[in-house]
Protein chains: 2
Amino acid sequence: MKPIKISEAVVRRLPIYLRYLNEMSASNNKTVSSQDLGEKLNLNPAQIRKDLAYFGEFGRKGVGYNVDFLIEKIRQILKLDKTLNVALVGTGNLGRALSNYNNYIKDNMKIVAVFDADESKRGTMINHLTVLPMTALEQTAEQLDISVGIITVPAQEAQNVADQLVAAGIHGILNFAPVVLKAPKDVRIHTADFTAELLSLAYYMDHNHSQDEGEM
Amino acid sequence: MKPIKISEAVVRRLPIYLRYLNEMSASNNKTVSSQDLGEKLNLNPAQIRKDLAYFGEFGRKGVGYNVDFLIEKIRQILKLDKTLNVALVGTGNLGRALSNYNNYIKDNMKIVAVFDADESKRGTMINHLTVLPMTALEQTAEQLDISVGIITVPAQEAQNVADQLVAAGIHGILNFAPVVLKAPKDVRIHTADFTAELLSLAYYMDHNHSQDEGEM
DNA sequence: TAGATTGTTAATCGATTAACAATC
DNA sequence: TAGATTGTTAATCGATTAACAATC
């Protein structure tokens, strides 16, 4: 209907809303205001209302938002109402850690296959899944209807793996390797760049914070 | 000298520049232009020049930037020219994975202590470090001059851990728990929220991409 | 010199926030 | 009704990009 372009910033906030709403629902809260959400999530209430309003009129004036209804709506928006199958490539420490988060992210994104280029890993079990060789990627991706790939290989191999994922028809990549990946523009790449997060954190340490710091 | 406020967006790009410059240096490239950097990092060259210009005149007109000089400068800006000591709290799969990245992030951020609330983990060795109980946090932080904490505990415990880190005098936190943490504003919190990254990725999957997608 | 590329200003674009009428 | 809170417009703020003089 509305051909309004939704900005990335908005989309990135939706999972944050969802997460907190799930908590509220679990503790039997029925309604929530943008005010409440803003306080809990350190966001401006107006921003939250605006974000949600892009997708519909989900609230009631004078009342707020119905928690369970809003959960349902956000899940629909994010397409978490249907299961997305995920392939994980790279079975080092991080890959193994993530495959355990599988249950945690039970939000309908499910790791259904695990790959590793290292032949010696072949056949190893990781969280109920057998480690497959990269040569099996294309066929497995098709058979299991995999649409998302997670990359947890060393930086030098990441672009190569990304290329293989793209060749296997995958349209979304969550990249943990500390490198900027190239892909056709119909492939969406999100980078979980915690080394960059850590290094940028250093910038803010021990700063004398000029004159404008209002310590109490 | 210049009291110009540097935006977060700028600071977050610096480690990305640094990373690629290190690669260039390793392969013996002497100079680089904002054009080159932009192409490799998917960024606008003007943005890169502007980012760097906040901190000084690092380039030469008609020539570009000296790679090693720029590395040195960015390291100074990010304060990576002196070692920052880091405490890691939470020794689950992710915590163990990260402590192995330690050598990787040898950029002068060093995990010097590991903590876990679980008594049964106490005394276990992780990557040459003995797991300490949370009660040892405050004293250890002071003794080892720890300024940054990494949180890899379950979401329900994260805020509690953050409070303890703050109480121990830590001013920077890298949080891996999928929750929004509260802290005094002189404490800098970066969140490595890969579950949110993954869920927001779902939004972009299978989209019919309206009419404007130029598939070939 | 001619070509390349910076540093920087101005223009554009986009995102956040404030404000408030509508209304529950 | 009075109080609360949404949805939305307008105002503000900030970040990105274009353009170009300076200059190597």
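Numbers restart at 1 for each chain; the letters A, B, ... are given by sequence-line order, proteins then strands. Note that this is a predicted model, so its numbers are computed, not measured.
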Quick one: [X] [atom1] to [N] [atom2], roughly how many Å, whole number?
| X | N | atom1 | atom2 | value |
| --- | --- | --- | --- | --- |
| Gln47(A) | dT12(D) | CD | P | 19 Å |
| Asn66(B) | dA4(C) | CG | P | 21 Å |
| Asn42(A) | dT16(C) | CG | C1' | 15 Å |
| Phe58(B) | dG7(C) | CZ | C1' | 12 Å |
| Gln35(A) | dG7(D) | CD | P | 15 Å |
| Arg49(B) | dT23(D) | CZ | C1' | 14 Å |
| Lys61(B) | dT5(C) | NZ | P | 14 Å |
| Arg60(A) | dT8(D) | CZ | C1' | 20 Å |

Less than 3.5 Å apart, any donor N or O on the side chain of [X] or [Y] sitting next to an acceptor on the other?
| X | Y | answer |
| --- | --- | --- |
| Thr83(B) | Asn108(B) | yes |
| Asp193(B) | Thr195(B) | yes |
| Asp116(B) | Thr91(B) | yes |
| Gln47(B) | Asp51(B) | no |

Report yes if a side-chain nitrogen or oxygen of [X] is closer than 4.0 Å to either non-bridging phosphate oxygen (OP1 or OP2) of [N]; otherwise report no.
| X | N | value |
| --- | --- | --- |
| Ser7(B) | dG14(D) | no |
| Arg13(A) | dT16(C) | yes |
| Tyr65(B) | dG7(C) | yes |
| Ser34(A) | dT6(D) | yes |

Review point. If we call it a pair only when both distances are under 3.5 Å in a Watson-Crick or G-U wobble match, what pairs with dA22(D)?
Key: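 The answer is dT5(C), by the H-bond criterion.
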Practice item. Tell me the partner of dA15(C), counting only Watson-Crick (N1-N3 plus N6-O4 or O6-N4) or G-U wobble (N1-O2 and O6-N3) with both under 3.5 Å; none if nothing fits. Key: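 Check on dA15(C): paired to dT12(D), both distances under 3.5 Å.
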Which nucleotide, [options], lies nearest any side-chain atom of [X]?
| X | options | answer |
| --- | --- | --- |
| Ser33(A) | dT6(D), dT17(C), dC24(D) | dT6(D) |
| Ala46(B) | dT17(C), dT6(D), dT17(D) | dT17(D) |
| Lys50(A) | dT23(C), dG7(C), dT9(D) | dT9(D) |

Check your understanding: How far apart are the closest heavy atoms of Leu129(B) and Ile111(B), and which atoms are they?
Key ->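 Taking Leu129(B) first and Ile111(B) second, the nearest heavy atoms are CD1-O, 3.5 Å.
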